[in-house]
Structure formats: structure tokens, C-alpha cells
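This chain uses plain numbering: 1 for the first residue, then up along the sequence. Both ligands and their constituent atoms are indexed starting at 1 by order of listing.
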Amino acid sequence: MSSPVWHPYAHIKTQTPAPRVVGGSGAHFELESGERLLDATCSWWCMIHGYSHPRLVAAIREQAGTLCHVMLGGLTHEPADQLARELVRITPAGLNHVFYSDSGSVGMEVAMKMALQYQVLSGRPGKCKMLSLMKAYHGDTTGCMAVCDPEEGMHSLFAGLLPKHHFAPAPTAPFDASPEQVEADLNALRSILERHHAEIAALLMEPLLQAAGGLNMTSPAYLRGARALCDEFGVLLVFDEVATGFGRTGKLFAADHAGVTPDIMVLSKGLTGGYLGHAATLATDRVHAAFIGDSAQHAFMHGPTFMGNPLACRVALESLRVFEEEDYLGKIAMLNQTLKRELLDDRALNAHPAVADVRVLGATAVIETHTADALAGVASFARQRGVWLRPFGRWLYTMPAYITSPAEMAQITDVMKAWFTED
Ligand SMILES: *Cc1c(COP(=O)(O)O)cnc(C)c1O
């Protein structure tokens, strides 16, 4: 019997029936069929503690017994206050104000509205466009689609609906690039800012790792250069750390690699350890101060129903405690070692004719192929070997849960390599 559930990014005519998940623990989930699959993607990169983590489950249970939800309009509660204080503590210095919402896309919508309103309130109403990067992905809502890569970003069908923004080339310098290598990328950014800064409110970027746009990685020097350019041209810098936040690049935030504080930063995915949908848009004192004034225009007119949901805030607090108490950055460094050894240093893989590039950053690894055809069938190949992989386009990647053991990590990389090297 076919289900009325309409699946995301699915081609209805050719899709195979979705396997039914009945539970999970640690890095594995279990199917109705009895199969146990090792999740190489931690459910779209958010289940950083794996499934059924006892402390996260207990936190939700406990909070549910006290308060499941209350509006944040005109009211507050302890989990929202406490989480905001914790986010201010752990994010780059200067981000002192927290606006909650319910998903990464909405968190980015909030960031864009905040940036534009900041410019209006600062006497620069002409700055009403965004500057984004090619290969960017910032979400699926209408405002976000307009700042995703306009050609490869899945949304070209909707071009007629979308406002026009500015785009700079995707950075090409790798993570460990020399200053000279980064210069070309920064010059490209500069030339667009020189021409269009008068109408640009903010530069948006996924720092260091453009995730859904093809796992494109770049250098901390690029972030520092972008920060300087934004200051020079009176443009706010917005870091979309929805995917990179909470350890994915090897530090707590990608911004930490560069020692850069963006004006606005967006967190979601790993924020709640993946256990509930939520997001936070953080702003500096400078941005926040512009909203202090007497006119009706000074109020920030946004307020998702479920913003600051107590269950989500409470589980996010528990997620952070586990992250710090159990040295997750240490675990991520171990995963990184395995990924480098098994993928970057594997000659046969790197020399395979179908493989265009292999990249590793923190707890993220990708094998990029020359054509998408080279990956046709890899998901079922992996499933037969007990691993859940879900490649997209030309990218076969893993972003495992941080509790994935070294042996499990090697099981994932073995399957990724076997697809290319096994007869
Ligand atoms: C996933 C993602 C989003 C969108 O988040 P949703 O919760 O799916 O709306 C935005 N930006 C980045 C970088 C993402 O990876």
C-alpha cells in the first residue's frame, strides 16, 4: 500500500519505497525489516549524539512534565533564558543577543530581515539586497531560495518568484591555502562590493564549508578577508553556521578557525542535538543597538509561533552539556584522523578515474566524482553492507554522529571506497 507521505527531493515516478525506521541507538537506526544501518549522515547532519541518547531523552521527558510550550511574545521561561546565555558564552565574542526560530531556513530569513532593517535604521535604506556566494545553500523557503546558488541550487524553477540578489564566485582556495591563493577569491568579492555596496545589506556565507551546494571547503583566511571587506564597504557579515556549527569543521564553530566574529550568526541542525527542530539567530551589540529607538520601525517584526519552545531549548542545553563534558571536540579530532587516513591518503581511491577530488574537514568527508552517474546505485550498495549513505549529485559524503566509534567510522569509509575499488 502506498503512503500519503510526500517525500522531500523525491522523484515520484522513480522513487523506491522508503524503508520504515522503527528505532535507533548510537550511530545506528533500525528498520522494520530487522536491518540495522550505520548512519553515515547522522540524519541530515543534525543527530550529533546519535539515536536514543539517554541524557537527551531524559531532558525532553523532564521538560515535558513541566512545560511543553508557551509563547515567547511578552513571556519568557528558564530554558529560553538559559540557552540564550549559553549560546552567548560559546559563540565568538561579541554575539550577545539571541533570536529564536524553528528551523535553519527561518533562522536565515530572520538574519536577512535583521540585516536589512539594521541598514534602514542606520540611515541606509538603499541597502536592500544580499550578497551571496555561488554554491551556497541557505534553505528552501522563498527568501532563502533567492540566496542559494541560482543555477545549481535546486531552485532555478522558481526564478520567476524570487527577488534578485548579488552573487560572488564560490571560493576556490582550499582549507590550508596560502594567503596568495586566497587573494583571487577575495579580489572577486571585492570587485562586486566595489560596484554594488550601496545596495548590499549583508554578505551571507556558510563559513569554511559550503555544505549542500557540494561540500566546497575553503580557508580561514577567506573568512578574515571577507570580514575586512564587509567593514570597508559598510556591509554586515552573516555566517550561516546551520551545518558547520557544533563541531562539524573540527572547532565548535567554523568562525573559531578564523578568529572572526560575524555581525549575525545562524545556528540550527546540531543545536538541539537533532532531537527537535529549532534555530537561533545571534547578533552583536552593534546590530542590536540599531533597534533601540522610538519609532514603530524599531520593532523587529518577526515571531514564529514555536520560537523558544521549552522542549527544544531544554534539549539544546543538555546537548551542549554532553558536548562539553564528554570532550566531543576530541572525538571529532579522532574521526578526522580516520577520515584522513582512510580517504585522503588512499592512493587507489584518489587515482580512480571516476574520482575528481577527495576532501576532509573536521568530521566531514566527501568523494567528488566527475559525473553523477558514477554514484548511481551506491545507496543500495551501502545498505547491503549495513551503512546508510545518501549521496546527492556528484558528492558521496559522510557527516557522522560524533559518537561514531573509530571502527564504525572505518566501516563507513570502507564502504565508500569499496564502491570505487571493488570489482
Ligand atoms: C540545512 C541548512 C539550512 C536549512 O535548514 P532547515 O532546518 O532545513 O530549514 C540552511 N543553511 C544551511 C547551511 C544548511 O545546511
Residue pair H49 / Y328, side-chain donor-acceptor N/O under 3.5 Å = yes
Side chains of T249 and H257: is there a donor and an acceptor less than 3.5 Å apart?
-> yes
Pick out which of Y397, Y137, W44 makes a ring pair (Phe, Tyr, Trp, His ring centres under 6.0 Å) with F392.
-> Y397
May I ask you to check whether over 12 heavy atoms, not counting those of Q297, lie within 6.0 Å of atom CD?
-> no
Cation over ring face, R385 and F381, 6.0 Å, 45° | yes
T218 side chain near P174 side chain, heavy-atom distance below 4.5 Å = no
Amino acids in close contact with ligand 1, where any non-hydrogen atom sits under 4.0 angstrom away = W45, S103, G104, S105, Y137, H138, G139, E206, D240, V242, A243, K269
